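Computed from a predicted model, the values in this text were never measured in an experiment.
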Amino acid sequence: MPHELGKQEQAAQRLDVIRFARAIALLSPLKRHLLRLIAVFLHHHSAKLPGYNGPLTPSGVIDFELDFDTQDACETLNIDISSFESVTTPRIEGVYSMGSTASFGQNPQSDIDVWLVHSAELSQSGCQLLAEKALLLTAWFAQFDFEVNFYLVHPQQFIQEQSRPADLYNSMGQEHSGSAQHWLLLEEFYRSQFRLAGKPIAWWPNAKPNPSLLSLGDTNALPASEYFGASLWQLYKGVEKPHKALLKVLLLEAYASEYPHTHLVSEHIWQHTLDGDFSAANDAYFLLYESIEAYLLKRGDVRRLEITRRCFYLKCGVKLSQQDRAVDWRHFKMQKLVADWHWSDSLLRTLDNCENWHCGQLQWFNEQLNELMLGSYRTLLQFASTHQLSESLRISELGLLTRKLHTYFNEDAHQIMRLNPLWSRSILEPHLSVIYSSTDQCYYLYRCGPNPRNFLEHSSVFHSKSKAKLLIWACLNGVANNQTRWHEIRQSKRKSNYLTQAASRVDGLIVNESIRVSKMALYQPWHFRKLVFLLNFNSDPTESWPGQDIMVDYMNSNVFSIGRGYLNMVDSIDVISLNSWGEWHCHHFEGDKSILDALSFVTPGMKRANVAVSVDVISCSLKLRSQTERTVKDLLYRAVRLSRQAQSSATLAHALQVGKVRYGLFFNNRGMHYENLSDAKSFYQQLSQRKLLELPRPSLGDEPFAKLPAIIQDYAAKGAIQYFLRQRKQGLDVFILDEANELNHYVQQGIDVNTLVNKLSHYHTFEDPHLTKENFNLPQFFKLDRVRGELMAVPFGVTHESIEADF
């Protein structure tokens with residue numbers, strides 16, 4: 001038996017050395033030095049070194065050795081450690097790289113993911129200090145364009161599943177999956193890790209305990225309940241890196257297809273290692289691809305296999321068509337693969353030119369990736385529906401993941417989707433043309449000038465029923481800026497000039513970058529962060545108006561009802577909005593009542609905002625631009641002010657003449673609605689004299705919302721399913737607002753809040769017949785608790801530590 005154990009250790013050590021050499025081979029000379037310094041900065045802790053955050057931070061890596069290459073790295077970057085004393089009590093078990101580093105998947109843009117396994121005796125405060133140091137080190141490495149992400153791991157984290165203080169560092173965030181995956185994360189670590197310092201990892205199957213080795217647990221029996229959370233996490237990661245996430249979610253699908261007799265990639269790697277195969281075929285990323293290929297071939301799924309091959313090739317970044325590139329250890333293996341795939345030279349050149357893809361190519365590839373990822377998700381959802389949700393998957397994190405995915409994969413026609421630039425450096429276009437098709441009543445966007453020949457050579461890159469949505473999509477995704485020239489085909493040159501001017505003004509208001517969204521924002525109902533009103537973009541009544549702007553100012557006329565003809569000078573309104581969930585939307589309102597409908601639409605979302613909403617108004621009119629902009633902006637601010645003043649027991653009313661009709665705008669704590677006051681002369685006269693009326697609501701008792709606690713009325717938001725739960729002596733009060741704000745209320749006996757939330761989450765995830773499996777619109781849960789005598793709605797499962805963390 002000792003002989004066998006020695007053979008295993010030797011084989012694992014040899015693979016470790018080879019992986020380190022492969023990682024070094026794919027890095028630039030500077031980054032090779034930086035990789036070696038990671039362990040140095042964790043072993044030594046001094047004010048003279050990067051990452052220093054005070055004298056109490058744990059340091060020291062077990063069995064740390066300073067070899068010649070590491071000394072050379074220190075000298076090159078002027079890191080003097082010669083005077084440091086040896087660490088007597090190391091607090092770090094080991095430092096390991098994992099992920100795509102040292103594999104086929106490593107490319108010049110790859111980051112380095114480092115697992116920092118600390119001592120089991122380390123206190124929570126010690127872990128906190130170590131985590132803070134890790135963040136400082138990440139910032140230091142970043143100045144060299146070297147992205148290093150550290151993850152603190154408790155040595156018992158995968159062996160003991162019960163909650164522990166170290167779980168604080170497993171809360172879900174931009175880089176950590178939290179409770180979404182557990183054993184699958186460990187399996188990924190085992191198949192891809194190599195040691196930077198510390199104890200060797202006993203990662204092979206059925207490894208026996210050994211004090212000189214570090215064992216984090218056995219992945220032989222992956223629980224079925226974990227696949228669902230892991231697939232959600234990979235979809236979430238796919239929002240930023242879809243080509244990489246697609247490979248991982250397809251691997252999950254392949255694993256699930258073999259359950260419970262799953263052949264793990266880590267097991268394939270170990271078998272190659274025991275057989276003495278240390279060739280390029282014994283590579284974590286290559287064997288991951290082989291597992292997916294075998295699964296898709298078995299299913300006869302040629303289409304998904306082709307997209308998978310392209311994702312694998314692009315992730316590796318080898319670029320076979322570029323003859324002047326240096327050849328590394330992956331080159332010949334990749335060359336053979338491409339030959340077996342029968343790819344044409346033109347396809348290879350297109351893939352190798354991915355940094356220069358235009359928006360049309362990106363749009364197509366994004367659509368393919370999204371479709372394939374959602375297909376995998378549906379397959380895994382079907383698999384998971386026959387099993388329990390993982391007990392370790394916190395319901396609050398399930399809600400966060402699905403809410404974030406809803407903002408990305410939602411098929412709402414009004415939402416403006418962000419285009420993932422993938423590898424493209426710039427997709428800016430000097431000319432864009434818009435063509436309206438009367439056949440399907442759609443606007444089509446082309447990345448070319450107005451020459452008719454161009455439309456034979458190009459396909460449209462985007463289309464919508466809304467012309468404004470084309471404009472916003474292009475500005476939001478960096479396809480257009482204030483230098484882009486717009487053309488509206490089969491329209492006058494003046495129309496094209498107006499389109500260019502509007503795009504130039506919008507470009508300064510639409511931020512083409514990721515929006516910070518905190519966890520708390522996703523726990524709560526959405527509200528507006530930014531509103532842009534585009535007036536008369538589709539149709540402009542001022543073109544045929546014979547009057548002069550100066551007379552409107554002089555007479556202080558109402559732009560919604562001018563002159564003897566009571567002409568309304570605002571005929572179309574496009575509302576572009578950014579909400580607190582990071583979603584951009586574009587809603588179109590047309591006709592005489594467009595201003596009333598737009599006000600009614602935006603008032604609730606403005607009222608819910610706890611900070612001032614950024615409001616901009618852009619008029620595309622030939623005349624009366626400043627007048628219409630000023631009037632609409634004033635009306636917006638008045639609407640939100642009145643809606644906040646209104647109470648549940650009273651309604652505030654304001655009068656507005658639009659065209660030939662007199663309307664009353666009624667504000668209460670649910671928002672605003674309007675009514676025709678033409679037949680209510682005495683009421684209108686009273687309203688005209690006093691400008692504003694406060695009306696009692698005697699019929700309040702008949703309204704369903706009257707039975708709700710006031711706090712629920714404030715939280716009500718269309719588009720989300722919301723549960724409000726209150727524990728009382730007679731049972732659990734359950735208030736439900738559906739996506740249309742329809743109210744249901746019942747009292748549940750003999751169940752606590754946690755059990756009910758778990759049951760409801762499982763129902764909405766797997767069994768709800770009305771929930772389409774693509775929109776991820778799982779409910780929001782709130783507990784109604786009294787805080788200092790006031791009833792508050794507290795998002796379920798929120799901790800103070802993670803409340804403002806980005807997600």
Side-chain angles (χ1 to χ4, degrees), residues 16 20 34-67 70-71 73-74 79-98 112-141 148-160 162-171 175-176 185-186 189-190 193-203 209-217 801:
D16 206 58
F20 188 85
L34 293 171
L35 181 68
R36 291 187 170 101
L37 287 176
I38 292 173
V40 174
F41 294 154
L42 292 169
H43 182 68
H44 295 291
H45 186 68
S46 166
K48 297 179 181 179
L49 296 178
Y52 185 76
N53 62 330
L56 300 178
T57 303
S59 62
V61 182
I62 290 176
D63 299 332
F64 177 81
E65 294 179 3
L66 190 66
D67 58 23
T70 306
Q71 283 181 322
C74 290
I79 305 294
D80 183 10
I81 59 173
S82 59
S83 61
F84 295 159
E85 297 179 3
S86 59
V87 181
T88 54
T89 311
R91 311 302 293 180
I92 299 171
E93 299 274 339
V95 183
Y96 312 91
S97 174
M98 63 91 70
I112 308 291
D113 289 339
V114 175
W115 276 28
L116 199 168
V117 184
H118 58 78
S119 167
E121 282 91 40
L122 212 60
S123 65
Q124 184 172 335
S125 59
C127 287
Q128 182 66 47
L129 287 168
L130 198 52
E132 290 169 2
K133 174 173 180 170
L135 288 174
L136 293 173
L137 288 177
T138 295
W140 186 84
F141 283 115
V148 183
N149 301 306
F150 293 92
Y151 303 96
L152 264 66
V153 177
H154 191 287
Q156 300 294 312
Q157 185 169 308
F158 296 93
I159 298 169
Q160 298 178 12
Q162 67 264 31
S163 179
R164 57 175 62 255
D167 283 345
L168 172 65
Y169 305 103
N170 295 335
S171 62
E175 292 294 341
H176 204 290
L185 179 63
L186 182 63
F189 174 72
Y190 278 176
Q193 58 81 28
F194 65 92
R195 183 167 57 106
L196 297 175
K199 291 182 178 180
I201 294 284
W203 60 273
N210 186 324
S212 65
L213 303 175
L214 181 60
S215 177
L216 297 178
E801 291 84 0

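Looking at I92 and L116, their side chains come closer than 4.5 Å, going by heavy atoms from C-beta outward. Annotation: side chain of F189 is not in contact with side chain of V153 (no heavy-atom distance under 4.5 Å). Inter-residue side-chain proximity for L136 and P50 is flagged as unmet; no heavy-atom pair is nearer than 4.5 Å. Side-chain contact between F141 and I112 is absent, with no heavy atoms from C-beta onward closer than 4.5 Å. Residues T89 and R91 meet the side-chain proximity criterion, which asks for heavy atoms closer than 4.5 Å. Side-chain atoms of I201 and D16, non-hydrogen and from C-beta on, never get closer than 4.5 Å to each other. Looking at heavy atoms from C-beta onward, L35 lies in side-chain contact with F20 at the 4.5 angstrom threshold. Put simply, the side chain of P90 does not reach to within 4.5 Å of the side chain of F64, judged on heavy atoms.
Separation of atoms CG (L216) and OH (Y96) is listed at 7.5 Å; rounding is to 0.5 Å. Taken to the nearest 0.5 Å, the CZ atom of F150 stands 9.5 Å off from the CG atom of L130. Between the CD1 atom in I62 and the NE2 atom in H43 there is a gap of 11.0 Å [rounded to 0.5 Å]. Atom NE2 in H154 sits 8.5 Å away from atom CG in L122 (nearest 0.5 Å). To the nearest 0.5 angstrom, L42 atom CG is 11.0 Å from T57 atom OG1. The line from SG of C127 to CG of L152 is 6.0 Å long, rounded to the nearest 0.5 Å.
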Report task. Go through Q71 and L66 one step at a time and tell me if the side chain to side chain contact (heavy atoms under 4.5 Å, CB included) criterion holds. Result -> CA-CA 7 Å; Q71 283 181 322; L66 190 66; 3.6 Å; yes
Requested in this report: Mind running side chain to side chain contact (heavy atoms under 4.5 Å, CB included) on L137 and V148 for me, showing each step along the way?
Outcome: CA-CA 8 Å; L137 288 177; V148 183; over 6 Å; no
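With hydrogens and angles ignored, the 3.5 Å screen pairs no side-chain donor or acceptor of H44 with any backbone N or O of S59. Side chain of D80 to backbone of S82: a donor-acceptor contact under 3.5 angstrom is found.
Minimum interatomic distance between H45 and N53 (heavy atoms only, all atoms of both residues): CE1-OD1, 3.4 Å. The two residues S215 and I159 make their nearest non-hydrogen contact at O-CD1, 3.8 Å. Of all the heavy atoms in N210 and S212, the pair that sits closest is OD1-OG, 2.8 Å. Closest approach of A39 and L196 over heavy atoms only: CB-O, 4.0 Å. H118 approaches E93 most closely through the heavy-atom pair O-CG, 3.7 Å. Across all non-hydrogen atoms, the minimal contact from L129 to P58 is CB-CD, 4.2 Å.
A ring-ring contact (aromatic ring centres under 6.0 Å, His included) with F158 is found for exactly one of W115, W203, Y190, namely W115.
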